[in-house]
Amino acid sequence: MSMDAQSVASQLNSSGLLRTQGLIGGKWSDAYDGKTIKVYNPATGESIVDVACMGGRETNDAISAAYDAYGSWSKTTAAERSKFLRKWYDLLMVHKEELAQLITLEQGKPLKESVGEINYGAGFIEFAAEEAKRIYGDIIPAPLSDRRLFVLKQPVGVVGAITPWNFPLAMITRKVGPALACGCTVVIKPSELTPLTALAAAELSIQAGIPPGVVNVVMGNAPDIGDALLASPQVRKITFTGSTAVGKKLMAGSAETVKKVSLELGGNAPCIVFDDADLDVAVKGTLAAKFRNSGQTCVCANRIIVQEGIYEKFANALRDTVQNMKVGDGFSEGVAQGPLINEAAVKKVESLIHDATSKGAKVILGGKRHSLGFTFYEPTVISDVNSDMRISREEAFGPVAPLLRFKTEEDAIRIANDTNAGLGSYIFTNSIQRSWRVAEALEYGLVGVNEGVISTEVAPFGGFKQSGLGREGSKYGMDEYLEIKYVCLGNMHKA
């Protein structure tokens, strides 16, 4: 391991935050068969540490632990749950620097972005702590005078939370915060590529006093873990962030036991730049929406759709800005873009660019592997892209900005909506009327107007069409972990 990475790993180990075992019922556990998997630093290709490679047996025990803990956790008061979550939030913030280093170490994003993720991710825990005390029911006026009708909101039960590698803290806290606030217990299955952040967060949940079995973590053999979560009747909800293909399998697998499901799946975000946009605002916003986390976000601008009157000027301005981005190890000063997560990610980007250029697209910046080697890829801008190219149909999940032309507002809306996805979208215009019209016409769960980074814990996050079901964050995200119970109380006139 390189000296920087080695010293970071050593410091994390001495702080007690570098965990390599799963967490089942409040106890750290190796895989029952002793198997391990390596976690790699994508910036160097070197192994950081070996972690337990768990499967179905460990998952079933974690489910049992969560089910046993649910009986008492669901009966704690909202105020008590709020205090536990607040303490967890406080600990996440106390250890912000170490957790950020851990994200950069195993995921590769620049340290500044990792610090941003800790603030963002911890915000979901803080919000859930506050919202725990605001889960209200209703009294319904009865149609008969001797009856009283009321509605309770109660926790759904044990939750299986399956999370991706691109935001190894925030994708967990966005699910676990509201689940715990509502009185649910959880079995977390983090990505096998980035389990260390999840384990560190779980360690801090223990330190916060959250009771054993309320938070469990298993990682390793993804199909076996997923199958165990789907098969168990004790798991009453699956929440998943990841690809649409895997989401469909989880949705189908949940049918057997009729689990509640929330899915945050793939995107194909349009970023529409109108002739009347402020050029500087549009370039800055597009840059943030496209190149954050090396383009590895589900709300990443996947198609930059530019009106013909501003097309050339915008393309040149974007190219000039992007070529100044510093690429390198996330621990290095001034780095704006780190590596892609693995070799498969690089090959996908290469394949999409090859397809586009073979059909007439032009590379105006980048377009190849970076001279740093490993999984670094040059920040890339390609022009003359059209809707027939794969890069317009598939998520690139890499640092490639494809530029498409359009003539009219109607054309822009048609191009933007011509996809099965419907997660994030962006508009740049100085017309208030146009911003309303287009925002309402876009078939997307999120719309950013003159802004490229719109995710926040206080607003609902989720998609239309094949980008998923349900919402995360905000008061709306709490409902995903609650059941509604109606109670009719009769014979009210009798003693």
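Numbers for residues simply follow the sequence, beginning at 1. From a predicted model like this one, the values you see are computed outputs, not experimental measurements.
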(Q) Holding to side-chain hydrogen bond (donor to acceptor under 3.5 Å, both in side chains), I want the full list of residues that pass it with T36, two or more places apart in sequence or in another chain. (A) none
**Q.** K290 side-chain N/O to V400 backbone N/O, donor-acceptor pair under 3.5 Å
**A.** yes
Q. Say you draw a straight line from CG of N302 to CD1 of I391; how long is it, rounded to the nearest 0.5 Å?
A. 7.0 Å
Q.
Is there a side-chain contact between I238 and L230 in this structure, where contact means two heavy atoms from C-beta onward sitting under 4.5 Å apart?
A. yes
Q) Could E350 and R369 be called an ion pair, given the rule that one side-chain N must be under 4.0 Å from one carboxylate O? A) yes
Q | Flag, side chain of N216 to backbone of V186, donor-acceptor distance under 3.5 Å | A | yes
Q | N268 and its side chain to side chain donor-acceptor pair (under 3.5 Å) partner, picked from R303, E395, Q466 | A | R303
Q | Whether over 12 other heavy atoms sit under 6.0 Å from M93 CE | A | yes
Q. Taking S254 for the side chain and L250 for the main chain, is one N or O donor matched with an acceptor at less than 3.5 Å?
A. yes
Q. Does a donor on one side chain and an acceptor on the other come within less than 3.5 Å for Q207 and E203?
A. yes
(Q) I'd like to check the side-chain hydrogen bond (donor to acceptor under 3.5 Å, both in side chains) partners of K83; sequence neighbours left out, ordered by chain and number. (A) none
Q) Yes or no on side chain to side chain donor-acceptor pair (under 3.5 Å) for Y40 and N342, after CA distance, side-chain angles and deciding distance? A) CA-CA 9 Å; Y40 293 96; N342 56 23; over 6 Å; no
Q | Electrostatic pair E443:K465 at N-O distance under 4.0 angstrom | A | yes
**Q.** Distance under 6.0 Å and angle within 45° of ring axis: K237 vs Y481
**A.** yes
Q) Does a side-chain N-to-carboxylate-O contact under 4.0 Å join D224 and R57? A) no
(Q) Would R390 and D355 count as a salt bridge (charged side-chain N to carboxylate O under 4.0 Å, His left out) here? Give the steps. (A) CA-CA 7 Å; R390 282 176 53 209; D355 174 78; 5.1 Å; no
Q) Which pairs pass side-chain hydrogen bond (donor to acceptor under 3.5 Å, both in side chains) with one or both residues in residues 173-191, sequence neighbours excluded? A) Y120-R174, R174-E264, R174-E472, K175-T239, K175-T241, K175-E472, K189-E192
Q) Between the side chains of K27 and S29, does any donor sit under 3.5 Å from an acceptor? A) no
Q: Please list all pairs passing the side-chain hydrogen bond (donor to acceptor under 3.5 Å, both in side chains) test where one or both residues lie in residues 103-112, with sequence neighbours left out.
A: T104-S114, E106-T197, Q107-N293, K109-E117
Q.
Using the ring-ring contact (aromatic ring centres under 6.0 Å, His included) criterion, which residues pair with F84? Sequence neighbours excluded.
A. W73
(Q) Within this structure, what is the CD-CG distance for the pair E80 and L85, rounded to the nearest 0.5 Å? (A) 12.0 Å
Q.
Tell me if a side-chain donor or acceptor on T297 pairs with a main-chain N or O of C300 at a distance below 3.5 Å.
A. yes
Q: Could you check Q21 against D30 for side chain to side chain donor-acceptor pair (under 3.5 Å), going step by step and ending with a plain yes or no?
A: CA-CA 5 Å; Q21 299 169 297; D30 290 319; 3.3 Å; yes
Could you tabulate the donor-acceptor pairs under 3.5 Å formed by side-chain atoms of residues 162-170, not counting sequence neighbours?
unit_1, atom_1, unit_2, atom_2, d
N166, ND2, Q296, O, 3.2

Q) Any side-chain heavy-atom pair from V115 and K96 closer than 4.5 angstrom? A) yes
